[in-house]
> 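One structure, pasted below without further comment.
In what follows, chains are A, B, ... by sequence order, proteins preceding strands, each numbered from 1.
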2 protein chains.
Amino acid sequence: MLKSLAHPSRLLIIEMLEEAPRCVGELTEAIGADITTVSKHLAVLKRAGLVRDEKHGTYSEYTLVCDCVSHMIDCIEGGMGSGDAGPMKGETVPRRKKACKASR
Amino acid sequence: MLKSLAHPSRLLIIEMLEEAPRCVGELTEAIGADITTVSKHLAVLKRAGLVRDEKHGTYSEYTLVCDCVSHMIDCIEGGMGSGDAGPMKGETVPRRKKACKASR
DNA sequence: TATATTATTGGCGTTATGACCAAGTATGTC
DNA sequence: GACATACTTGGTCATAACGCCAATAATATA
């Protein structure tokens, strides 16, 4: 589970899902990576039991499974304060691409 | 920081340090890996600001930097309950070797 | 039915991680 | 000084993770 959180894009996904459910396109736009990459990140989070997906037409709406995830993140962020060690090494910053429409 | 926690051996180290400060040999014995491997794990945790080391003679005593780490772990374990997704793939189980003496 | 939209899956190259061995450092002891 | 103990560092290899492309669902719409 920790492994699934240990990636900046996936952490961002979780944080976005704290606000509201999102479809893959929205998350992709925010992350600025290829949609296939984001889809795979979501699969990882799903396998870890952190998110759930629900199909609406051609869209996949992703949601946090429960508040405990949210609490956990708060706990981590609050607990460590400024303890961000930064990127550990060649942290990938995906090249930004065109945004998709992503409105349902 | 999350990355540094996202490894079973390092998580075990953190849990052991919650109980008491430990030297590398003790941790190595508990983990069952090569001492060089454990030393490097400790270096990772140190770089992430989770542990601190203090030299006592030939021993290096490792300690948690603060309780917040401990709290965070509790928060994670409590929060997710049985949400352990298990090893994500070829999770390395290091081959066990002779234990060192490790008593100071 | 043809086409567009949204997302997933498989494959591939690149990079990072992890485990061990060998060698080196630092300290304590004979 | 010689040796033992405790640990760290550098190197190498195997494996895992990541990111993108191509191809493939699945659904909606003209």
> What heavy-atom pair brings A:Pro21 and A:Glu26 nearest, and what distance separates the two atoms?
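Scanning both residues completely, I find the closest heavy atoms to be O-OE1, 4.4 Å.
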> Starting from P on D:dA6, measure out to CZ on B:Arg22 and report it in whole angstrom.
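Rounded to whole Å, this separation is 16 Å.
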> Using whole Å, report how far CG of B:Leu42 lies from P of D:dC7.
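In whole Å, D:dC7 P lies 10 Å from B:Leu42 CG.
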> Rounded off to whole Å, could you give me the NE2-to-P distance for the A:His41 and D:dA17 pair?
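After rounding, the gap between these two atoms is 12 Å.
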> Please confirm whether the shortest side-chain N or O distance from B:Thr37 to OP1 or OP2 of C:dA19 is below 4.0 Å.
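So the side chain of B:Thr37 is outside the cut-off, no N or O lying under 4.0 Å from OP1 or OP2 of C:dA19.
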> For B:Lys40, which contact category applies under a 4.0 Å heavy-atom criterion: base, sugar-phosphate, or nothing?
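Since a base atom lies under 4.0 Å of B:Lys40, the category is base.
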> Is the distance from OP1 or OP2 of C:dT6 to the nearest side-chain N or O of A:Thr58 less than 4.0 Å?
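Checking A:Thr58 against C:dT6: no side-chain N or O falls below 4.0 Å of OP1 or OP2.
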> Pick base, sugar-phosphate or nothing for A:Ser60, based on heavy-atom distances below 4.0 Å to the nucleic acid.
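If one applies the 4.0 Å heavy-atom cut-off, A:Ser60 turns out to touch the sugar-phosphate alone, with no base involved.
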> In whole angstroms, how far is the P atom of D:dC18 from the CG atom of A:Leu11?
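One finds 13 Å between P of D:dC18 and CG of A:Leu11, rounded.
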> Does B:His56 make a side-chain N or O approach to OP1 or OP2 of C:dT27 shorter than 4.0 Å?
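No.
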> Roughly how many Å is it from NZ in A:Lys3 to C1' in D:dT15, rounded to a whole number?
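Result: 11 Å.
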> Just the rounded figure in Å: distance from C1' of D:dC18 to CZ of A:Arg47.
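After rounding, the reported distance stands at 14 Å.
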> When you look at B:Thr28 and B:Thr37, which way does the side chain to side chain contact (heavy atoms under 4.5 Å, CB included) test go after all the steps?
CA-CA 8 Å; B:Thr28 299; B:Thr37 301; over 6 Å; no
> Under 4.0 Å: is that the gap between some side-chain N or O of A:His7 and OP1 or OP2 of D:dG19?
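Result: yes.
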> On a heavy-atom basis, which atom in A:Ala30 and which in A:Met16 lie closest, and how many Å separate them?
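What the structure gives for the nearest pair is CB-SD, 3.3 Å.
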> Begin with the C-alpha distance, continue with both residues' side-chain angles, and end with the deciding distance and a verdict on side chain to side chain contact (heavy atoms under 4.5 Å, CB included) for B:Cys23 and B:Glu61.
CA-CA 4 Å; B:Cys23 69; B:Glu61 187 179 73; 5.5 Å; no
> Among C:dC20, C:dT8, D:dC21, which nucleotide sits nearest the side chain of A:Ile35?
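The closest nucleotide is C:dT8.
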> Does B:Tyr62 place a side-chain N or O at less than 4.0 Å from the phosphate oxygens OP1/OP2 of D:dT8?
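The answer is yes; a side-chain N or O of B:Tyr62 sits under 4.0 Å from OP1 or OP2.
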> As a test of reading the structure: which of D:dC7, C:dA22, C:dA7 is closest to the side chain of B:Thr36, going by heavy atoms?
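When the side chain of B:Thr36 is considered, C:dA22 is the closest of D:dC7, C:dA22, C:dA7.
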> For the pair made of CG in B:Asp34 and C1' in C:dT17, what is the distance, rounded to whole Å?
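Result: 16 Å.
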> Dump the intermediate steps for side chain to side chain contact (heavy atoms under 4.5 Å, CB included) on B:Leu11 and B:Leu5, then the final yes or no.
CA-CA 6 Å; B:Leu11 209 50; B:Leu5 287 179; 4.2 Å; yes
> Atom CD1 of A:Ile31 and atom P of C:dA7: how far apart are they, to the nearest Å?
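About 13 Å, once rounded to whole Å.
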